[in-house]
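Report on one structure; see the data block that follows.
Note that these values count all heavy atoms, side chains included, but never hydrogens, waters or copies made by symmetry.
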Amino acid sequence: KTPLYFLRKLLGLKRVIKEIQPDLLHSHYITGEGYIGAMTGFHPFVSTIWGTDIYVRPQKGIDEKLFTKFVMKRSDLVTADSQDQIDAAVELGASPDKCRLVQWGVDLKTFRPRVASDVRSRLGIGDGPVVISQRKFQPLYNIDIIVQSFSNVLKILPNAHLILTGDGFDEVKVRDQVCRLCIDANVHFTGYLGYSDLALYLSVADIAVSIPSWDGTAMAILEAMACGVPLIVSDLASNREWIEDGKNGYIIQPRDHEQLTDRIIELLKDRTSSERFSSQNVEIAQERADHEKHMARMETYYRELCGRQ
């Protein structure tokens, strides 16, 4: 994005602030909207980290790093969905006492354990084991590794099925890979799913896989946990805040398709571990990932900030 882009956005935001005179300004995504919000000089100013904006963009050049530090210094409150992101923000100049951990959270009335035999019937998958990935078709999420691993799983468990939800600019590449591996009869592309439909598809899954190369706390993980789905996740600090290897899921290296293959087969065959992971994930989600509780916490922070002015 060019300097002219940011100037236009800044002038537009200043006009809106003058017109509506808000009590608080909240920008999401540090290396973009965060820059613009910080440059208005408006307070109280809240900035929320998304992931790439703290893990990747500040490392691309000195200008991005300096602007990120500028946003951190200007923020009266910085929120993030993982402690790992907060630690990164502090390294870039955020004041620790102004940082708060706030999850997007999950609607626990929608995402919960249930039986959805109609989804199995709709997909024609019978009673076969099901692996699901809810991540987008983008290089970051390593969907190619999931597909490669699943093709190996089919050599041991030929009645297994893989459900790929979502969309993304690499979808054609993934579909081509599925065809080349001749596993299209066992792989199901759902396209983008609404909230309620996604919960139904999760309910038929025996395993959910989320192996990005970097990430904060992924909604995909929290939604799967709330539905009681055992997880295999990549070895990231943010994932370790939710998954303990061998206790409520498995942790692997993000690009290791052989390790992923082994873990999928192991978990599909080991019902005792699968059931233990499932029950513990539901318990953790209900305790730590309730959307309503986290939004109530965010509202409290808003009120505290506005009360100071």
Side-chain angles (χ1 to χ4, degrees), residues 105-137 143 146-147 149-167 171 174-175 178 181-211 218-233 242-243 248-250 260-261 263-286 289-291:
V106 176
D107 178 356
L108 296 176
K109 295 176 183 177
T110 300
F111 290 89
R112 55 185 172 80
R114 67 175 88 185
V115 177
S117 55
D118 59 319
V119 174
R120 284 184 173 270
S121 299
R122 194 184 315 163
L123 295 177
I125 58 180
D127 296 324
V130 174
V131 179
I132 192 170
S133 167
Q134 311 116 272
R135 309 315 300 264
K136 289 188 175 183
F137 301 115
I143 305 301
I146 296 174
V147 171
S149 298
F150 183 72
S151 70
N152 295 331
V153 169
L154 287 175
K155 296 172 185 176
I156 307 299
L157 299 168
N159 64 332
H161 290 263
L162 173 63
I163 298 175
L164 299 174
T165 72
D167 49 24
E171 182 174 349
V174 175
R175 287 183 178 273
V178 168
L181 293 169
C182 300
I183 59 174
D184 42 301
N186 295 76
V187 179
H188 309 273
F189 293 84
T190 68
Y192 173 79
L193 292 174
Y195 217 47
S196 298
D197 286 338
L198 178 57
L200 287 175
Y201 277 82
L202 279 167
S203 69
V204 306
D206 297 285
I207 298 173
V209 179
S210 176
I211 53 169
M219 286 297 297
I221 289 178
L222 302 188
E223 290 161 353
M225 293 179 76
C227 290
V229 184
L231 278 147
I232 299 174
V233 302
W242 294 91
I243 303 297
N248 67 318
Y250 286 128
L260 178 56
T261 299
R263 285 307 197 188
I264 291 174
I265 293 171
E266 178 181 350
L267 195 49
L268 289 178
K269 287 184 173 182
D270 184 357
R271 298 307 303 172
T272 300
S273 293
S274 179
E275 290 172 5
R276 184 176 75 253
F277 293 176
S278 174
S279 61
Q280 290 184 356
N281 283 345
V282 171
E283 183 178 336
I284 292 169
Q286 290 177 345
D290 187 331
H291 171 77

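For the atom pair I264 CD1 and I232 CD1, the distance stands at 5.0 Å (nearest 0.5 Å). Between the CZ atom in F150 and the CD1 atom in I143 there is a gap of 13.5 Å [rounded to 0.5 Å]. Note that CG of L268 is 7.5 Å distant from OG of S274, once rounded to the nearest 0.5 Å. One distance of note links CG of D290 with CG of L222; it measures 11.5 Å at 0.5 Å rounding. Atom CD1 of I156 is separated from atom NZ of K269 by 6.0 Å, given to the nearest 0.5 angstrom. We find the CD1-OG distance between I284 and S279 to be 9.5 Å, quoted to the nearest 0.5 Å.
Across every non-hydrogen atom of A220 and R135, the tightest pair is CB-CD, 3.5 Å. For L162 against I146, the heavy-atom pair with the smallest separation is CD1-CG2, 4.1 Å. Across every non-hydrogen atom of L267 and P230, the tightest pair is CD2-CB, 3.8 Å. For S203 against A116, the heavy-atom pair with the smallest separation is OG-CB, 2.9 Å. In terms of heavy atoms, A224 sits closest to L231 at CB-CD2, 4.0 Å. Residues T165 and Q134 share a closest heavy-atom pair of OG1-CA, 3.0 Å.
Among I211, V153, V131, I265, the single residue meeting the side-chain contact (heavy atoms from CB on, under 4.5 Å) criterion with L260 is I211.
Pairs engaging residues 183-200 under the side chain to side chain donor-acceptor pair (under 3.5 Å) rule: H161-H188 [sequence neighbours left out].
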Working for side-chain contact (heavy atoms from CB on, under 4.5 Å), residues V130 and Y201: CA-CA 10 Å; V130 174; Y201 277 82; over 6 Å; no

Check against side-chain contact (heavy atoms from CB on, under 4.5 Å), V178 and R175: CA-CA 5 Å; V178 168; R175 287 183 178 273; 5.6 Å; no

Criterion side-chain contact (heavy atoms from CB on, under 4.5 Å) on V106 and M225, from CA distance to verdict: CA-CA 10 Å; V106 176; M225 293 179 76; over 6 Å; no

Worked check of side-chain contact (heavy atoms from CB on, under 4.5 Å) between V233 and W242: CA-CA 10 Å; V233 302; W242 294 91; over 6 Å; no

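Of the possible polar contacts, one joining the R120 side chain to the G126 backbone as a donor-acceptor pair under 3.5 Å is found.
Annotation: salt bridge (Lys or Arg N to Asp or Glu O under 4.0 Å) contacts of E266 (sequence neighbours excluded): R263. Residues that satisfy the salt bridge (Lys or Arg N to Asp or Glu O under 4.0 Å) test with D127, not counting sequence neighbours, are absent from this structure.
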